[in-house]
Amino acid sequence: MNFILDATVKAVKHLYDIDIAAADINLQETRKEFEGQVTVVTFPFTKFSKKSPEQTGTEVGEFLKNELSEVSGFNVVKGFLNLSIADEYWINQLYNEILPDTFAVVPANGQKVMVEYSSPNTNKPLHLGHVRNNLLGFSISEILGAAGYEVIKANLVNDRGIHICKSMLAWQKFGNGETPESTRLKGDHLVGKYYVIFDQEYKAQIKELKDEGQTEEEAKKNAPLIKEAQEMLQQWEAGNEEVISLWKTMNNWVYGGFAETYRKLGVTFDKFYYESDTYLLGKDIVDEGLAKGVFFRKDDGSVWIDLTSEGLDEKLVLRSDGTSVYMTQDMGTAQLKYNDFHMDKSIYVVGNEQDYHFKVLFTILKKLGKDGADGLFHLSYGMVDLPTGKMKSREGTVVDADDLIEKMEQTAKEQTEAMGKVDGFGEDEKQQLYHTIGMGALKYFLLKVDPKKRLLFNPEESVDFQGHTGPFIQYTHARIRSVLSRAKITNADVTVSQLAPEERDLIVSLTQFPEIIKAAADGYSPAVIANYVYEVAKIYNKFYHECSILQADDENVKEFRLQLSAASGKVINKGMKLLGIDVPERM
RNA sequence: GCACUUGUAGCUCAAUUGGAUAGAGCACCUGACUACGGAUCAGGAGGUUAGGGGUUCGACUCCCUUCAAGUGCACCA
């Protein structure tokens, strides 16, 4: 639509002798209650024209109509100039822009971006909150890739600390040598089981101590189990062989379990970082900050940064005993990542409870003048709530990722079988389809919501396959494939001269795909893609209903509609891929 | 208490980043031709955009304020 912007600049210059920038012109899709496809908002021009909005719009409209052969007509409503673009233009768009394989393919922009996501703790299995994180991280990686970036997907695994020691200790004490093999439990679930056991036993000890007269706080500190766990952590840090060996064994169980969950979710990583390697990093940056005067040392030896002028507080970056805190580590890890990849941008997909932490971290790195500091972004997403409220592990309301995936597949199976949709499918093909549909429903349900908003996960609605859902879009794709399989496109060059309104609406919508990808990348929002793909599917279904394809009166029209269907199928397929969702050929 | 985020139809979400009469889905009601897939399509009903003020040609969007919800405010990660 650049040619309209350029011509509008020309119009304003010609009519009012004022130079405006194309970027300042507000161009939008014409609302469906008005005639036309493209609307120029002409309110701002009245400043120069010194005329009424209607008059101004008419003058610009006349100019554009004379200037551009593509503009077949216009109408003016207040400050809105609605342009009718000739059918020929849209038909050309389909053949010359949308159908070629280069459509919506953005050339590499030479920039690298790292997306860190997932970043699990290794003491328990993944739950619904992690699922949102993983889907967001994977999808935004795909989107940035489609927008021209070279993407590095990174996973910073929190593999050390008191939490994993708790699981280790409980297993040592109560495990009787259980392994994933002996129990046929997924490794992450087995380790999670012992984390829960630790918690139960620990609570029992606290209660005992309280009964003996200690306060809650004292009891929590003095319980033998927690002391043992802390001791184990110290032994780990000291490199005690037995502890390290157990740690390795149990972490490997967890990794085996995670790998399976990741595979089912369809997410992948290019680079793993482990906190056991990074937790001591950052001290050299503390020195650097002190030298540069960005940090200061207090009398007790602790090191701080004063961010009160930024509206933040004073923040500790190194303990008085010289050991690292979370912030120290993250400064060091940021440096490590940059040294590894020299990326232009670095995205952290982390929940919004860490908003403040990242605000501080980014401010520090900027103050230190670190390379890449301007490209830092915290993709902050809201918590996932259930209709009953928050997920609470204590109350057993945490939705386990593996259970959830299984349930989605099961529901897909029931629904599909009830509709008799899988006649003629092989057994593997059926299982594959149930997975595709179940995950399509789940992923779409989680990704259609703006990341920064809290997400209400209603299990009943998430398995809905009608309306604004993943399966609706998948169904539309299967329907397109079905039509295309019934007729061959014999002459790719055949075309028509006039469009039905549904055909025009569909082409207009398809042409927006490239700008939608850009908007999703700029806004770090898969939801933009999700809502767009739904629009396309909806418009296609309307077209499908109103315009007979195989029974079209004219061979040319039939060919044209097949081409249009093929184009729609491609956009739907590609859009869904950006969300990490597969689309089936049949369903 | 302070900071950040959010508040749109009964419910779940949109709204081209300041543009037209605020749109979809679910649920509810009504309809769809011997036809390409009815997981579809068309129609109805449903709104003081949490409340109040302001900025301007124009505000769900920006500013102020009140209210509500969530999160954060450790020499934890």
Side-chain angles (χ1 to χ4, degrees), chain A residues 26-34 39 41 43-44 46-47 52-53 77-80 82 121 158 160-163 275 279 298 300-304 311-313 316-327 329-330 351-357 359 380 382-383 385 387 390 415-416 418-419 421 437 445 448-450 452-458 460-462 464-469 471-476 478-484 486-487 512 515-516 519 522-523 527-528 530-532 534-535 537-538 541-542 544-552 558 561-562 565 586-587:
Chain A
N26 189 341
L27 209 63
Q28 51 190 293
E29 199 183 340
T30 304
R31 307 198 123 207
K32 32 184 183 307
E33 59 263 39
F34 302 104
T39 295
V41 182
F43 275 116
T46 56
K47 260 179 264 166
S52 71
V77 182
K78 291 191 272 183
F80 299 93
N82 302 319
N121 291 346
N158 187 3
R160 56 133 246 140
I162 192 73
H163 52 84
E275 282 203 18
Y279 80 109
K298 288 194 178 176
D300 63 1
S302 58
V303 180
W304 298 72
L312 307 170
D313 300 323
L316 178 89
V317 295
L318 194 72
R319 289 195 187 101
S320 50
D321 64 4
T323 58
S324 303
V325 289
Y326 184 36
M327 191 61 74
Q329 260 185 69
D330 263 10
N352 64 9
E353 73 269 14
Q354 295 197 37
D355 283 355
Y356 187 76
H357 172 75
K359 214 181 227 179
S380 163
M383 300 287 101
D385 291 332
K390 291 184 58 178
Q415 298 262 329
T416 306
M419 284 188 286
K421 292 269 189 179
I437 297 175
F445 189 81
K448 74 174 178 183
V449 181
D450 185 341
K452 69 173 175 286
K453 292 191 178 175
R454 94 179 215 292
L455 180 82
L456 187 78
F457 186 82
N458 185 327
E460 279 159 34
E461 285 179 21
S462 70
D464 220 328
F465 294 170
Q466 273 140 32
H468 191 181
T469 66
F472 167 86
I473 299 166
Q474 291 174 320
Y475 170 79
T476 306
R479 192 183 224 186
I480 290 170
R481 299 306 305 166
S482 170
V483 178
L484 292 176
R486 285 166 194 275
Q512 292 164 353
E515 34 189 293
I516 292 291
D522 291 348
V528 171
N531 287 303
Y532 168 74
Y534 172 65
E535 279 303 313
K538 222 169 39 152
N541 278 321
K542 190 180 170 83
Y544 179 90
H545 193 261
E546 298 297 323
C547 302
S548 189
I549 300 168
L550 300 178
Q551 261 73 35
K558 177 178 163 184
R561 288 179 179 168
L562 285 169
S565 296
R586 299 190 289 162
M587 67 183 276

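Lettering of chains follows the sequences in order, A, B, ..., and the numbering in each one begins at 1. If you're wondering where the values come from, they're calculated on a predicted model, not measured in any experiment.
Scanning for side-chain contact (heavy atoms from CB on, under 4.5 Å) contacts around Y544(A) gives R479(A), V483(A), Y540(A), I549(A), with sequence neighbours left out. Taking E515(A) as the reference, Q512(A) meet the side-chain contact (heavy atoms from CB on, under 4.5 Å) condition, with sequence neighbours excluded. Remark: R486(A) engages S482(A), L550(A) in a side-chain contact (heavy atoms from CB on, under 4.5 Å) (not counting sequence neighbours). Checked against side-chain hydrogen bond (donor to acceptor under 3.5 Å, both in side chains), T323(A) has the following partners two or more places apart in sequence or in another chain: R319(A), D321(A). Looking at residues two or more places apart in sequence or on another chain, you find no ring-ring contact (aromatic ring centres under 6.0 Å, His included) involving F34(A). Partners of K298(A) according to the side-chain contact (heavy atoms from CB on, under 4.5 Å) rule, which considers only residues two or more places apart in sequence or in another chain, are F296(A), D300(A), S302(A), W304(A), E314(A). Take R31(A) and apply the salt bridge (Lys or Arg N to Asp or Glu O under 4.0 Å) test, not counting sequence neighbours, and it matches E33(A).
As the counterpart of rG31(B), rC41(B) is assigned, both hydrogen-bonding distances of the Watson-Crick or G-U wobble pattern falling under 3.5 Å. Under the Watson-Crick or G-U wobble criterion, with both distances below 3.5 Å, rA24(B) is paired with rU12(B).
Comparing L318(A) and I437(A) against RNA chain B, the residue whose closest nucleotide sits nearer the 5' end is I437(A). With RNA chain B read from its 5' end, the first of the two nearest nucleotides for D313(A) and K359(A) is the one closest to K359(A).
The shortest distance between the side-chain N/O atoms of K47(A) and the OP1/OP2 oxygens of rC57(B) is not below 4.0 Å. The side chain of Y326(A) places no N or O atom within less than 4.0 Å of a non-bridging phosphate oxygen (OP1 or OP2) of rA77(B).
Using a 4.0 Å heavy-atom cutoff across all strands shown, F472(A) reaches sugar-phosphate atoms only and no base atom. In this structure, M587(A) reaches the bases: a heavy-atom distance under 4.0 Å links it to at least one base atom across the strands shown. Base engagement by T416(A) is indicated by at least one non-hydrogen atom pair under 4.0 Å involving a base atom. At a threshold of 4.0 angstrom between heavy atoms, the contacts of E515(A) with the nucleic acid are absent. Among the atoms of the strands shown, none is found under 4.0 Å from any heavy atom of Q474(A). A478(A) comes within 4.0 angstrom of a base, heavy atoms only.
Remark: the separation of the C1' atoms in rA27(B) and rG10(B) is 8 Å, to the nearest Å. rG23(B) sits 25 Å from rC63(B) when the P atoms are compared, rounded to a whole Å. To the nearest whole angstrom, the two P atoms, one in rG58(B) and one in rU21(B), are 13 Å apart. Nucleotides rU49(B) and rA68(B) place their C1' atoms 16 Å apart, quoted to the nearest Å. The separation of rA20(B) from rC60(B), taken at their C1' atoms, amounts to 15 Å, rounded to a whole angstrom. Comparing the C1' positions of rC41(B) and rC36(B) gives an interatomic distance of 14 Å, to the nearest angstrom. A distance of about 49 Å separates the C1' atoms of rA77(B) and rC28(B), rounded to the whole Å. A distance of about 49 Å separates the P atoms of rU40(B) and rG1(B), rounded to the whole Å.
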Expected rows: protein N/O vs nucleotides 7-12 of chain B N/O, under 3.5 Å:
residue: rG7(B); atom: OP1; partner: K453(A); partner atom: NZ; Å: 3.3

Atom pairs, N/O to N/O, protein against nucleotides 16-22 of chain B, distance under 3.5 Å?
residue: rU16(B); atom: O4; partner: Q28(A); partner atom: OE1; Å: 3.1
residue: rA20(B); atom: N6; partner: T39(A); partner atom: OG1; Å: 2.9
residue: rA20(B); atom: N6; partner: N82(A); partner atom: OD1; Å: 3.0
residue: rA20(B); atom: N1; partner: N82(A); partner atom: OD1; Å: 3.1
residue: rA20(B); atom: N1; partner: N82(A); partner atom: ND2; Å: 3.3
residue: rU21(B); atom: OP1; partner: K78(A); partner atom: NZ; Å: 3.2

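When the nucleotides rU71(B), rA24(B), rA77(B) are ranked by their closest atom to the side chain of Q329(A), rA77(B) comes out on top. Picking from rA77(B), rA39(B), rC36(B) the nucleotide with the shortest atom distance to the side chain of P471(A) gives rA39(B).
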